[in-house]
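Working notes, beginning with the structure itself.
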Amino acid sequence: MKKQLPVWLGFALALVFLPSIFDSVLGISILNQMTIWIIFALSYNMLLGQGGMLSFGHAVYFGLGGFMSVHALNLIADEVFVFSITLIPLVGGAVGLVAAIFIGSFSTRKSGTVFAMISLGIGELIVASSLIFADFFGGEAGVTGDRTYGPPFFGIEFLQDAEVYYLGAFWLFVATLFMYLFTQTPAGRMANAVRDNPERAEFIGYSTRRVRFISFCAAGLFAGIAGGLFAINYEFITEENLNALTSGRVLLMAYIGGLGFFIGPIVGAVILTLMNSLLSNYSEMWMLYLGIMFLLTVIFLPRGFAGFIMMHQIAWQNRRLGTLILPYFVTAVPALVFLAAFVGLVELSHKGDDILPFFGLSLGAESMLSWGILLALAGIGALGVKLSRPRLAAAWALANTPTADDRGDVR
Amino acid sequence: MTLILGLRRPQSKHHQSTRHQSKHHQSTPHLNSARAAAGQSLTRRASLSIGALACALSFSAATAQEPIRLGFMDPLSGTFASVGTSGLNVLEFAADYFYNSKGGILGGRMIEIVPLDNKQSPTETQLQFRRAVSEELRIIFQGNSSAVANTLNQTIAKHNRRNAGQEVLQINYAAVDPILTNEECSFWHFRFDAHAVMKLDVLTDFIAMNDELSSVYIIGQDYSFGQVVADNTIRLLGEKRPDIEIVGNEFHPIGQVKDFTPYVTKIASSGADAVVTGNFGADMVSLARSIIDSGLDVPIYTFYAAYDGITATLGADGKDRIRLIHTDRANPLASDERRDFYRAFKAKHPDSDITQSRLANALMMVVQAMEQSQSTDPYDIAVQLEDMRFTSIAGDELWMRGEDHQLFQPLYISKQTDEGIEFDADNSGFGLLTEYEVGTSETITEHSCRMRRPRR
Amino acid sequence: MFEVFVFATLNGLVTGLLLFMLASGLTLIFSMMGVLNFAHASFYMLGAYFAYTLSAYLGFWGGLLFAPLIVGCIGAAVERYGLRRVHQSGHVAELVFTFGLAFLIEEAVQFFWGRDTKNYQSPELFDFALFTLFGQEFSAYRGFMIAIACLIFGALYFVLTRSRVGIIIQASISHPQTVANLGHNVPLIFMCVFGVGTALAGVAGVIAGPVLTTFPGMATVLGSIVFVVVVIGGLGSLPGALIASLLVGLLQSYAIAADVGMPELLHLLGLSFDSSHPLNDLWTLNLPQIAPVLPYLLLVLVLIFKPTGLMGNREQ
């Protein structure tokens, strides 16, 4: 922990100063989304990455926590309870924990496919009942609250999103810290053991079911905290926040980021939130790009973006990271050309009558020349990647070969 | 790649759009000579990014030549996108056709429509609303899904209360949940569609006129609109024709039913003479298909059983059987002015239809409010819109009631047919022919709105 | 009441057999490769869309012949160039890959065919009522659907148990190394099984497209329910898939037909609640309302009490 103090300090400083850099309404709103999704994705990784439990229904705990939090906001507004809304995430967390204790009591008996399928079934059942029990869940319109009631927190009434950001950042820091500490506890270590080899874990006297159950409950707790933050930020929640789509999204975040690393889900949540909020403003085809990117990540970066960064650890230890820069650059340029041409082709085929501005050119779908240029660019890009790849592979192999002077201590 | 090239051929060379004229573009080389003559227009996505950039760089005050930017928030990607994109086409076309091609409004300012893709999700709606605020869009057109409209209504109410001077106005052109102009009414919300109970009042009048009917089956999606349809059909038919028996009142989960045949079996065995449903989208098509396939020969009274592929899919099977309550008369058209508008739209978008001509009404009334107040401030526009009377291009007299911000307009009941159709749907030869209409003054209903007006 | 029961049975049979056409391919792929293919229903959707396009040129029968072939080829290509690479990263990676593939196929369908409902019709040959019972028609096309499904089950069962190919396939499920040592090309077998499995889904799409409407959401509607069927039936068991398909189909159909619910139950128990009771939604619940989620309830119950599924003999 001591060794990592600078990292945590840097994390806290980044959280404090980020809104000064991205200070538009949109910027703050994206930062707020990120705080919620990072906690949620980290909690998901407690299940899948650390515990080896693939869940298709993790949004249930997020959503239930969120629903109860919105109801709590309304109770505060009606002055049934009087407490500061800064504590709302605890309400969400408690609900997530209770739900996880209940569902986990029977679903954590097995891992693997059985666990995955139970989570899918439970998820669908909860979504269905959310539409049936309209009094609590508000039907398809959801329930709405108002965060500005209740006693002000040191004079802050949370009228503006920026004020909510600091509340979210505080909870993000606390939740991240505790989730990290959890991985260091015996329970967290045993979760890894049960994930990797349940038989051995049983043999040394641990109940695998109990270990899974503890991870499951902790994941439910933090998902509920994220749900509580969602309630404060958006002041409403609907059925879509506990359905399979949300569960799928958090799975994507954790996977794209990298399951094997604590920081992975953070990276994934940041990337996906950015894509979701910004890409959709520029292209109707953004979901297609997202799908392609996701498949490519699964195929080529099986350990996610965090895994990709960590791949360079050996080269860095060998002090040969610098030798990779040029080969990367030589491959990246044609790859980007190919990417741009591909996006151009996709967009052009959907333009109909409009003109597609493409790096200073105006392309039209009717003009064969436009199509020709894009196809040629794509071809050149693909060829460039193909030609430069062997050099990159060679440079990679070289960078990962231990240098003569420290060959001794490389494991 | 050849597949991409082969599909999606552009259909038309007409290009009159004058929106998004940009100096950035006049110096760039034009590859497409046909296009160069047509006018140098940027695409809307690109103008958006430049708009965003301009916004970020400077918060300069509006100059005379700066365009008036209106937000259009609806699903533009994902499963529900077809409804949203067809609405966007209509709104953009109406802005070009009525104003931009004639020199703009308020002394030469162009109208620019900024698309905001909310994916028909309440959460995304909130995100897009914040983007709209970032880009200083003060007027937002929104229609699809009452859940989204409710969310937006409440978000805007909170935003406007907390951010005086930066108010936003919601122009609702299609969400029909009655509460938006009743219990949940807001000064910052105007509805240009008739709400569900108004429509049902006319629909049940029409059903009551059919002396041959003795029993009705109600089936709908299990959510608020489906329930409003069921409850009010039962209530209104009970008042108008107590002898008609309601032989079934069924709810099914929204968007989850694979096969409607089990439901149709129940309808058939109940011996119903007619079916009333508020279903939309795939649930509507599948239900109608199953009814047709089972050989059940009953009329189906609906709200959303036309356009976006539905008319083409039902085709001859739906002839004289599908009846629709709506605000936009499709055939016969009342005025040449409207006919020209439809033709011009079809020339530009051959694969699309004017599915919601009330969008044009909404735009024209908003523009009139801007011209009358010589302002683009939402408060000034709202004040002007209240109790505005307006003659639409179809020659209809419209009235925006000031007390609850509900528009009153003629309502029509049409049937699907291929006879006497001048403007068909989905290029299928089939379209909607009006059978029954009710004038503006007869659609006026009571309301329970207690509107809180902001002080200025 | 009897007529409702008869028709509910018939409807359940049609739905169940349609589910079986999807489940058979899915369970085959699973038993062979251990991959739970999330994109399976997407191949079903591709079948419907390809058949829609082809039927404009070749008629319905041309579509029925060629659309599954195209889908099968796409499936085989996915296995060869996608799944096989991902296989090295483990089962979660494979699952996540098919998850992403389902997403991508839905987007691609919208890209190429647009978002509107497609006007894909059944052939005129079947535009008559097979029989009329109690004044209700049972269309010939539904009879055709039942026939095709039975044919597929028969053919699959025969191939897997009686033919040499079937024996090799069964052997490579249980002992892939031994089969490879005997000189068989196991990766090729995997690719073919994946192709055939997806082609079966394609067939289901071709014949279901006209009755269940062809639209971009059709895969989502069916996607998770097919999973449920396969898991309830027992992973890797063909007879289990058949039984579970029929069970799920009939369960939903009967639930919709039955006009009973909590009010009747409470009445039997002699209880009554005021409409202002906080749990009013629960007390007014009826069976048709929850029919579509009953399979999920069944799934959870089966997994809790018999984690291997009805006919399965292994968990992972």
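Predicted model only: the values in this text are computed from it and were never measured. Keep in mind that the numbers below use all heavy atoms, side chains included, and drop hydrogens, waters and symmetry copies. In what follows, chains carry the letters A, B, and so on, assigned in the order in which the sequence lines appear, proteins first and then strands, with residues in each chain numbered from 1.
Within the 4.5 angstrom heavy-atom criterion, atoms from both the backbone and the side chain of C:Val96 approach chain A. Contacts of A:Phe136 with chain C are absent, with no heavy-atom separation under 4.5 Å from either backbone or side chain. If you measure heavy-atom distances from C:Phe103 to chain A, the contacts under 4.5 Å come from the side chain alone. In this structure, chain C has a heavy atom under 4.5 Å from the side chain of A:Tyr255, while its backbone stays farther away. Contact of C:Leu299 with chain A is made through the side chain alone, with heavy-atom distances under 4.5 Å. Only the side chain of C:Val231 comes within contact range of chain A, judged by heavy atoms closer than 4.5 Å. Only the side chain of C:Leu95 comes within contact range of chain A, judged by heavy atoms closer than 4.5 Å. Contact annotation for C:Phe38: only side-chain heavy atoms (C-beta onward) come within less than 4.5 Å of a heavy atom of chain A. Contacts of C:Ile304 with chain A are made by both backbone and side-chain atoms, with heavy-atom separations under 4.5 Å.
Here the straight-line distance linking atom CZ of C:Phe20 with atom CD1 of C:Ile243 works out to 10.5 Å at 0.5 Å rounding.
By the 30° and 60° cut-offs, the orientation of the rings of A:Tyr61 relative to A:His58 is tilted. Classification of the A:Phe216-A:Phe115 ring pair by plane angle, with boundaries at 30° and 60°, yields perpendicular. Ring geometry for A:Phe102 versus A:Phe106: interplanar angle over 60°, hence perpendicular rather than tilted (30 to 60°).
Without hydrogens or angle criteria, A:Arg212 side chain to A:Arg109 main chain gives a donor-acceptor distance under 3.5 Å. Remark: side-chain polar atoms of A:Ser247 are paired, donor with acceptor, to backbone N or O of A:Ala59 under 3.5 angstrom.
Considering only heavy-atom pairs separated by less than 4.5 Å from chain A, the leading option among C:Thr220, C:Leu83, C:Leu101 is C:Leu101. With chain C as partner, the option from A:Leu295, A:Leu251, A:Asp135, A:Leu54 having the largest number of non-hydrogen pairs under 4.5 angstrom is A:Leu295.
The two residues C:Ala201 and C:His40 come nearest to each other via the heavy atoms CB-NE2, 3.7 Å.
Contact check for C:Leu298 versus C:Leu301: no side-chain heavy atoms found under the 4.5 Å cut-off.
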